[in-house]
Amino acid sequence: MKLTKQNLSERADHVYDVIVVGGGAGGLSVGIYLQRYLLSSLIIDKGKARSFWMQELHNYLGLPPDTPGRSLLRQGKEHYLSLGGDMLDGFVEDIVDEGETFAVRVKIGRQDSISQTFRSKYLVAASGIIDYLPNLDNMRNVYDYAGYNLHVCLICDGYEMNDKKVGVFASSLSNAEVVFSLGWFTPHITLFTQGLFEVADELRQKLQEQGYQVVETPIKQFLGEDHQMSGVELEDGRVIELDAGLISMGSKYHADYLEKFNLEKQGDNLVTDKMARTSHPRIFAIGDLKVGLNQIVVAAADGALAATQIWRDLRRVVGAKPPVQMPQATSTKIPTA
């Protein structure tokens with residue numbers, strides 16, 4: 001059921017087996033598996049998953065390579081709701097571990113918002129990340145090309161940059177290292193520091209040895225048309241032609257609601273076991289939040305793993321369905337002739 005302000009009361013006293021925070025590919029996958037395990041689940045989605053911005057999913061098995069991310073999400077939501085799952089557009093403000101259950105407080109509505117608390121036995125963190133983009137005076141100029149030929153994921157889109165003139169837009173020395181992995185696909189690379197960091201001598205020498213260019217003047221705007229970026233104009237008026245771009249500026253992790261739990265981390269990523277369980281026995285993390293590969297197909301697989309382990313946990317506690325008493329057969333004497 002799609003929950004709204006009008007029908008929240010129908011779930012006021014319900015204790016879900018699982019609340020899933022995030023309705024991207026991972027969250028929808030875990031929800032679909034949970035419902036097919038005959039468990040009750042609620043997906044809370046703040047909207048605009050990372051995959052929503054992907055204009056074409058080139059490497060998701062079984063999908064046409066021009067499938068937009070939003071199409072995948074739309075079909076996933078329809079599938080989940082058809083199985084009886086609950087879904088709510090909202091923002092998770094706080095989570096309290098009550099021992100047997102979690103109390104999840106959710107802000108609902110951008111205007112005239114209200115707060116509602118829901119409860120569940122397990123929690124799945126699937127709220128993902130969002131990539132930082134170049135910070136220009138006109139951000140609309142960035143959005144015109146991001147997700148088209150201005151890429152944010154080398155693993156997803158390295159193939160699309162094969163032998164093209166590519167600009168790498170980095171925000172730090174560590175983020176700039178991606179140029180050497182990109183070099184597998186193309187030798188025509190220009191690193192743009194955007195004036196955000198100094199290029200260390202050692203890095204500068206390595207870039208020169210590979211024949212890569214370095215531009216340290218900040219960017220004024222991207223150039224192009226019909227969502228295809230063709231270059232950049234610098235603040236000093238110079239224009240540099242490009243065929244594609246790769247943004248490497250880090251990401252914002254949407255997991256503030258988990259901070260109080262002091263879960264084990266590796267950098268900004270949550271550490272999980274092979275079934276996506278975190279260091280808290282009733283909290284699972286899937287997709288880009290956990291240590292692993294930031295790929296939609298991986299997030300979907302994580303959802304299957306987490307749902308399966310939660311079902312195994314609950315099955316051990318609840319047990320099988322009770323046997324059904326079948327009516328005893330009665331015999332009828334057939335009269336003889």
Side-chain angles (χ1 to χ4, degrees), residues 1-8 11 16 18-32 34-35 41-57 60 67-83 85-95 104-118 120 123-133 139-140 142-144 146-148 152-153 156 227 247 250-259 284-290 294-300 302-303 306:
M1 180 170 69
K2 181 71 174 176
L3 299 184
T4 65
K5 291 181 182 178
Q6 286 67 43
N7 62 8
L8 288 176
R11 293 294 190 263
Y16 290 95
V18 187
I19 286 180
V20 182
V21 184
L28 291 169
S29 173
V30 72
I32 289 168
L34 289 168
Q35 291 303 126
S41 64
L42 166 65
I43 295 178
I44 302 169
D45 185 31
K46 62 177 174 50
K48 302 298 186 292
R50 191 186 193 209
S51 51
F52 179 87
W53 301 103
M54 303 301 174
Q55 306 305 322
E56 295 180 344
L57 301 177
Y60 196 109
T67 302
R70 63 195 65 188
S71 295
L72 177 74
L73 297 178
R74 183 184 67 252
Q75 294 173 23
K77 289 177 181 178
E78 291 173 356
H79 187 180
Y80 172 69
L81 290 170
S82 74
L83 295 169
D86 285 349
M87 177 164 279
L88 173 66
D89 294 333
F91 177 79
V92 174
E93 295 181 306
D94 188 41
I95 299 176
V104 182
R105 190 176 77 239
V106 185
K107 179 182 177 181
I108 305 162
R110 298 181 188 276
Q111 297 179 342
D112 300 323
S113 60
I114 63 172
S115 290
Q116 178 73 36
T117 297
F118 300 89
S120 69
L123 181 76
V124 176
S127 41
I129 63 176
I130 193 70
D131 302 284
Y132 292 123
L133 301 177
M139 288 304 295
R140 180 69 259 168
V142 182
Y143 301 141
D144 279 343
Y148 292 90
V152 296
C153 176
C156 305
H227 300 298
I247 297 171
S251 306
K252 163 65 178 173
Y253 286 71
H254 294 302
D256 293 345
Y257 55 90
L258 293 176
E259 287 302 317
F284 288 68
I286 63 176
D288 295 348
L289 287 183
K290 62 184 280 292
N294 292 1
Q295 295 287 285
I296 296 176
V297 69
V298 173
D302 286 343

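Treat the numbers as computed from the prediction; the structure is a model and nothing was measured.
Taken to the nearest 0.5 Å, the CD1 atom of Ile247 stands 12.0 Å off from the SG atom of Cys153. Atom CD1 of Ile296 sits about 6.5 Å away from atom CG of Leu72, to the nearest 0.5 Å. Of the inter-residue distances, the one linking Ile32 atom CD1 with Ser41 atom OG reads 10.0 Å to the nearest 0.5 angstrom. Atoms CG and CG, on Leu42 and Leu88 in that order, are 6.0 Å from each other to the nearest 0.5 Å. In this structure, CG on Asp86 lies 8.5 Å from CG on Asn7, to the nearest 0.5 angstrom.
Salt bridge annotation for Lys5-Asp112: absent, with no cationic side-chain nitrogen under 4.0 angstrom from a carboxylate oxygen.
Taking all atoms of both residues into account, the shortest heavy-atom contact from Gly85 to Leu81 is O-CD2, 3.5 Å. For the residue pair Leu289 and Ala255, the shortest heavy atom distance occurs at CD2-CB, 4.0 Å. Here the closest heavy-atom approach between residue Ala126 and residue Val20 is recorded as CB-CG1, 4.1 Å. Closest heavy-atom contact between Asp45 and Gly23: OD1-N, 3.1 Å.
Residues Leu133 and Tyr143 form a side-chain contact, since some pair of their non-hydrogen atoms from C-beta on lies under 4.5 Å apart. Put simply, the side chain of Leu28 does not reach to within 4.5 Å of the side chain of His79, judged on heavy atoms. Counting only heavy atoms from C-beta outward, the side chains of Gln116 and Leu3 never approach each other to under 4.5 Å. For the pair Gln55 and Arg70, the minimum side-chain heavy-atom distance is below 4.5 Å. Side-chain contact check for Leu57 versus Val297: every heavy-atom pair is 4.5 Å or farther apart. Between Ile19 and Val92 there is no side-chain heavy-atom pair separated by less than 4.5 Å. Residues Val21 and Leu258 fail the side-chain proximity criterion, which asks for heavy atoms closer than 4.5 Å.
Checked against ring-ring contact (aromatic ring centres under 6.0 Å, His included), Phe118 has no partners two or more places apart in sequence or in another chain. Here Asp89 pairs with Lys2 under the side-chain hydrogen bond (donor to acceptor under 3.5 Å, both in side chains) rule; sequence neighbours left out. Considering only residues two or more places apart in sequence or on other chains, Ala306 meets the side chain to side chain contact (heavy atoms under 4.5 Å, CB included) condition with Val30, Ala276, Phe284, Ile286. Considering only residues two or more places apart in sequence or on other chains, Glu78 meets the side-chain hydrogen bond (donor to acceptor under 3.5 Å, both in side chains) condition with none of them. Under the side-chain hydrogen bond (donor to acceptor under 3.5 Å, both in side chains) criterion, Ser251 pairs with Asp131, sequence neighbours left out. Not counting sequence neighbours, the partners of His227 by the ring-ring contact (aromatic ring centres under 6.0 Å, His included) test are Tyr148. Partners of Glu93 under the side chain to side chain contact (heavy atoms under 4.5 Å, CB included) rule, at least two apart in sequence or in another chain, are Phe91, Arg105, Lys107, Ser115. Tyr60 pairs by the ring-ring contact (aromatic ring centres under 6.0 Å, His included) definition with nothing, not counting sequence neighbours. Listed by chain and residue number, nothing satisfies the side-chain hydrogen bond (donor to acceptor under 3.5 Å, both in side chains) test with Asp302 (two or more places apart in sequence, or in another chain). For Arg110, there are no side chain to side chain contact (heavy atoms under 4.5 Å, CB included) partners, not counting sequence neighbours. With sequence neighbours left out, the side chain to side chain contact (heavy atoms under 4.5 Å, CB included) criterion links Lys252 to Ile130, Tyr132, His254, Asp256.
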